[in-house]
Amino acid sequence: MKTTLFTVGAICTVLSVSAQLPVSTTPQNKKAVLEEFTGIHCGYCPDGHKIATNIYNADPNNVVLINIHTGGYATPSAGEPDFRTSDGNSIAAMPGMGITGYPTADINRTIVTGTAITTTNRSQWPTYVNTIKSQPAYCNVALQGTLDAQTRVLTVQAEVYYTANSPVSTNSLTIVLLENNIPGPQSDYGNFNPTNWFPDGTYKHNHVLRKVITPTFGVPVSPTTAGSLFSTTVTYTVPTQYPATGSYTTPCLLGRLELAAFVTQTNTLTINAAHGPIYITNIPNQRDIAVSNLSSETEVCAGVINPKFWFTNNGSDTATTITFTYAVNGGSPSTYTWNGMCPPYNQQLITINNINFTPLPTSNTLQIGVASVNNNTDQNNVNDIVTKVIPTATLIAPSINMQMDFTQDQYGTEIQWQVIEESTGIVVAQDGPWSDLSAAGTLLHTKTFTLVPNTCYKLVITDAYGDGACCSYGNGSYNLKSNGNSIFSGPASYGKGLTKWFKTDVNASVSNNVSLNDMVSIYPNPANEKVNIFINSPKEETIKINVINALGQVIYSSEKEVLGEQTIQINTKNFAEGIYHINIQSSNSKFNKTISVTH
């Protein structure tokens, strides 16, 4: 068994700031404690996280970050983790905290402007932090923890030394347990923090308040006169998950934990603070890699998958090379070797791209396993294997003549769809983003295209904001058709997006009787200086276009040879305002559309 030191601030990295015992007796300036009030559904909070992280990175020895998930934006939806704590709720409810929006923060629980302790003016956080750090502190803080890996009992020793007199006879010492690099959901309205996402699309939640292991507002410290030394020992059993009970939990990895403490003059006015190291003891094995959370495509058609999974280093040795095996449907295993650096009780996300196999008729089984750790055997094989069943797509498009009818909501700039050939990744058709509407409402966009027989495709719809095309902004929808028959359709209440798989029939071919209704779209309507006629014809043919005014007069006539996608533009600048009829005729079909012209 081994003892390992952790002061972890990021996966496979180590914090540079910690004040282990004994406490310094040299006078210091205050260290800044930035308590940020945040939530997984707060779209501007990633900007607050980035600003706070930049503050810390500029001076890591003198800044402590604490992220407190509280309020309505922190309330999880079904299946989402719950980062809220009763301690955090109590801190947010402190008299004078004055939370009016998110993200908001207090710096050393000091009124920095107006009458409230917190400020939502996150651009000023660096200025407020620098002001605090320039002030002298009358006490110093130090702490360190010992964590038994098997019992999960954390023992924390903390000391406070007074280099000058406190203006009050009793102060308070608060010790907090934080966790870093927790994967989870996060709203992000402006891609504020682009480097803080894992490759699987989850967000890295850092400095998350897990527990105040003293009473919420600290233990009394006395005496508080110059030369006084206060010592205390606190124990806490770290649960395997947070919250310890409930539906929306996340596992707690010992190597992701962070220890901090601060002294307050009362509940408010933080005088000084420190991080402390955590020594993890009683680790059972040197080499123990656990694999979990295997995810992949929700369906497969062509037999190409790109699975992702997490591995956790439960051994006492830092993992530098791991060989994994993978196999589909019991086939011969292949190997994937990861090289890097992952300390004990941390985790990494692995992606294996382009695993090819022949799908079975209904479902397929993927198995990932651990073959070796640091070129030696894994000493605990109980957690070495993870499996996932991936259904085989069964939906068949009877024709290669395709049409997408997509109805956007008010925010068309957020929406895009693509049809992608599964085996090659080539985008064969796409549309969007579109212009935003001036108010809540909907607008239909129609696009026709041609596919290849006996080929697997996937429809991918994305929404940049993550709220779908629905609800109070207009009830959007999508309908993918094959030769006029719907194969995928539904309301656009899909959040960030959706992916669906299908295959064209082996005998599918280009129909010689494609209706112009499936080939033509006309925009804008109403028109001003021009109107566009978009045509996607699967075969070469001649079409005739007539524009007729309200008196029945033909004011525009033209014949065009069309094949594939083509846009025909008609100049309406000199048309009188009013109603016009556009008639389009092919060898076997007619199309009629009424438009209005306004200037």
Side-chain angles (χ1 to χ4, degrees), residues 7 15-35 55-56 59-66 87 90-91 94-97 106-112 117 128-146 154-178 209 211-236 258-279:
T7 49
L15 283 169
S16 61
V17 53
S18 63
Q20 65 190 90
L21 303 178
V23 65
S24 171
T25 58
T26 302
Q28 300 175 351
N29 278 358
K30 292 180 179 179
K31 292 178 173 61
V33 179
L34 192 155
E35 294 177 297
I55 292 171
Y56 170 81
D59 191 8
N61 292 313
N62 294 299
V63 176
V64 173
L65 303 181
I66 302 173
D87 292 316
S90 296
I91 295 168
M94 283 174 53
M97 195 61 81
D106 74 72
I107 292 88
N108 287 51
R109 298 184 181 175
T110 302
I111 296 176
V112 292
I117 297 172
Y128 300 145
V129 165
N130 288 333
T131 298
I132 290 294
K133 291 192 300 178
S134 69
Q135 299 170 358
Y138 54 71
C139 65
N140 300 334
V141 186
L143 72 163
Q144 63 189 42
T146 302
L154 172 65
T155 302
V156 179
Q157 296 172 290
E159 294 180 350
V160 180
Y161 181 81
Y162 284 83
T163 59
N165 293 329
S166 168
V168 296
S169 60
T170 302
N171 293 155
S172 296
L173 172 67
T174 302
I175 303 174
V176 296
L177 187 65
L178 315 173
L209 176 63
K211 180 65 177 175
V212 178
I213 60 177
T214 58
T216 302
F217 297 108
V219 294
V221 177
S222 184
T224 60
T225 54
S228 298
L229 175 66
F230 173 84
S231 300
T232 189
T233 299
V234 180
T235 60
Y236 170 67
E258 178 184 355
L259 196 59
F262 53 91
V263 172
T264 56
Q265 192 161 291
T266 56
N267 288 353
T268 60
L269 192 55
T270 300
I271 304 304
N272 215 346
H275 283 106
I278 299 176
Y279 298 89

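Note that the structure is a prediction, hence the values are computed from the model and not measured. In this chain, residues are counted from 1 in sequence order.
- Using the six-membered ring where Trp is involved, Y56 and H275 have ring planes that are perpendicular, over 60° apart on the 30 and 60° scheme.
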#### Entry: Verdict with reasoning, R109 to T270, per side-chain contact (heavy atoms from CB on, under 4.5 Å)
CA-CA 6 Å; R109 298 184 181 175; T270 300; 4.1 Å; yes
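- Here the straight-line distance linking atom CG of L154 with atom NZ of K211 works out to 12.5 Å at 0.5 Å rounding.
- Checked by atom type and distance alone, the side chain of N140 pairs as donor or acceptor with a backbone atom of S24 at under 3.5 Å.
- In this structure, the side chains of V219 and P215 come closer than 4.5 Å at one or more pairs of heavy atoms.
- Shown here for A261 and L173, the closest heavy-atom pair between the two residues is CB-CD1, 4.1 Å.
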### Task
Evaluate the side-chain contact (heavy atoms from CB on, under 4.5 Å) criterion for residues T268 and M97: first the C-alpha distance (whole Å), next the side-chain angles of each, then the deciding distance (0.1 Å), finally the verdict.
CA-CA 9 Å; T268 60; M97 195 61 81; over 6 Å; no
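- Atom OG1 of T146 is separated from atom OH of Y279 by 8.0 Å, given to the nearest 0.5 angstrom.
- In terms of modelled atom types and a separation under 3.5 Å, the side chain of T264 and the main chain of F217 share no donor-acceptor contact.
- At least one side-chain heavy atom of L269 sits under 4.5 Å from a side-chain heavy atom of I271.
- Between atom CZ of residue F262 and atom CG of residue N108 there is a gap of 9.0 Å, rounded to the nearest 0.5 Å.
- Atom-to-atom distance recorded for I55:CD1 and L65:CG is 7.5 Å, nearest 0.5 angstrom.
- Nearest heavy-atom pair across A273 and K31 is O-CD, 2.9 Å.
- Of all non-hydrogen atoms in I213 and V234, the two that sit nearest each other are O-CG1, 3.2 Å.
- Of the N and O atoms on the side chains of N171 and S166, at least one donor lies less than 3.5 Å from an acceptor on the other residue.
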### Task
Give the intermediate values and the outcome of side-chain contact (heavy atoms from CB on, under 4.5 Å) for residues I175 and L259.
CA-CA 7 Å; I175 303 174; L259 196 59; 4.1 Å; yes
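- Here the closest non-hydrogen pair linking N272 and A137 is ND2-CB, 3.5 Å.
- Taking both residues in full, the closest heavy atoms of Y162 and P223 are given as CE1-O, 3.8 Å, listed atom of the first, atom of the second, then distance.
- Summarising the geometry of P167 relative to Y138, their closest heavy-atom pair is CD-CE2, 3.5 Å, with the distance given to 0.1 Å.
- Side-chain atoms of Q28 and T163, non-hydrogen and from C-beta on, never get closer than 4.5 Å to each other.
- A donor-acceptor pair under 3.5 Å links the side-chain atoms of Q144 to the main chain of L21, judged by distance alone.
- Between T155 and T233 the shortest side-chain heavy-atom distance falls below 4.5 Å.
- Distance check, rounded to the nearest 0.5 Å: CD of E159 to OG1 of T25 gives 11.0 Å.
- L177 places a side-chain heavy atom less than 4.5 Å from the side chain of Y236.
- Listed for the N165 side chain is no donor-acceptor partner under 3.5 Å among the backbone atoms of T225.
- The only member of V212, D106, L209, L34 that meets side chain to side chain contact (heavy atoms under 4.5 Å, CB included) when paired with I66 is L209.
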